[in-house]
J.: 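Mind having a look at this structure? Questions to follow.
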Amino acid sequence: LSFIQPPQVAWASGALADGPLLRKSTRIQDLTDVFADENARQQLAGEQVVYDVEMLDTSPAEGELYTGVTHLYPGRVGCEYFMTRGHFHARREQGEVYFGLRGTGLLLLQTEQGNARLEKVFAGSVHIIPGFTAHRLINTGEEVLSALAVWPGIAGHDYAALARGFRIRVFEENNRVQAKEVQNG
Ligand code: F6R
Ligand code: ZN
């Protein structure tokens, strides 16, 4: 019998290898109305990549799990740190687990009732995202923030439910990370 070579994640960088991979880049030009300062976003180069997602091209069938890595680059739109768009799962009851691999940032979680909280993300952090909870990564550091995620193939994404934004935004002010509650969301 031979031994199967599994896919690999390089823990230090989050790079996935040796499996069938899907890749998606999200750029400044894709993130209309995501940041508080839409004018500041329009001043930035539209092609600049804010985050890359690499995932294993595995089955989306019920009971199967997806595995992916998000690489969120350092940067800001105005004073607001680069972040992912953020979403609920289309199948609201489906949860997810995130593992911090490198860099420093925050995971913003928000329930359907609008209660929001922030967890610190760092190499080795483990984040249990329960069902019915929207999630967004925020890079508050100066390096790439990479996080590994595992989620149900049937979960899907619902971006529209948070089109008005989350209840918390995170800014750099006076060289410090400042989280603010906002009215929308
Ligand atoms: C999958 C998941 C992550 C995100 C990724 C990009 O359920 O939570 O793989 O999809 O971090 O963020 P979004 O999808 O919000 O653009
Ligand atoms: Zn998700």
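The first residue in the sequence is number 1, and the count goes up from there. As the structure lists them, so they are numbered: ligands from 1, and atoms in each ligand from 1.
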J.: Before giving the answer on side-chain hydrogen bond (donor to acceptor under 3.5 Å, both in side chains), spell out for His89 and Gln94 the whole-Å C-alpha distance, their side-chain angles and the decisive distance to 0.1 Å.
T.: CA-CA 7 Å; His89 291 153; Gln94 300 292 322; over 6 Å; no
J.: Could you tell me the angle subtended at the Zn ion (ligand 2) by NE2 of His135 and NE2 of His89, rounded to 10°?
T.: 100°
J.: Restricting to N/O/S, name the atom of Glu96 that gets closest to the Zn ion (ligand 2).
T.: OE1
J.: Salt bridge check: are Glu112 and Arg92 linked by an N-O gap of less than 4.0 Å?
T.: yes
J.: Write out the protein residues near ligand 1, meaning a non-hydrogen atom under 4.0 Å from one of its atoms, in order of chain and number.
T.: Tyr51, Val53, Thr70, Thr84, Arg85, Gly86, His87, His89, Glu96, Tyr98, His135, Trp151, His157, Tyr159
J.: Run the salt-bridge test on Glu173 and Lys180 with the 4.0 Å N-O cut-off and return the result as yes or no.
T.: yes
J.: Report the atom name of the nearest N/O/S atom of His87 relative to the Zn ion (ligand 2).
T.: NE2
J.: Show your reasoning for whether side-chain contact (heavy atoms from CB on, under 4.5 Å) applies to Leu148 and Trp11.
T.: CA-CA 9 Å; Leu148 176 67; Trp11 292 119; 3.9 Å; yes
J.: Whether the His135 and His87 side chains hold a donor-acceptor pair (N or O, under 3.5 Å, no angle test) is what I'd like checked.
T.: yes
J.: Quickly, which of Arg117, Arg167, Arg136 forms a side chain to side chain contact (heavy atoms under 4.5 Å, CB included) with Gln110? Name it, please.
T.: Arg167
J.: Looking only at non-hydrogen atoms, find the nearest pair between Gly103 and Leu145 and report the distance.
T.: C-CD1, 3.7 Å
J.: If I compare all heavy atoms of Leu56 with all of Tyr66, which pair ends up nearest, and what's the gap?
T.: O-CD2, 4.4 Å
J.: Closer than 2.8 Å to the Zn ion (ligand 2): does that hold for any N, O or S atom in His157?
T.: no
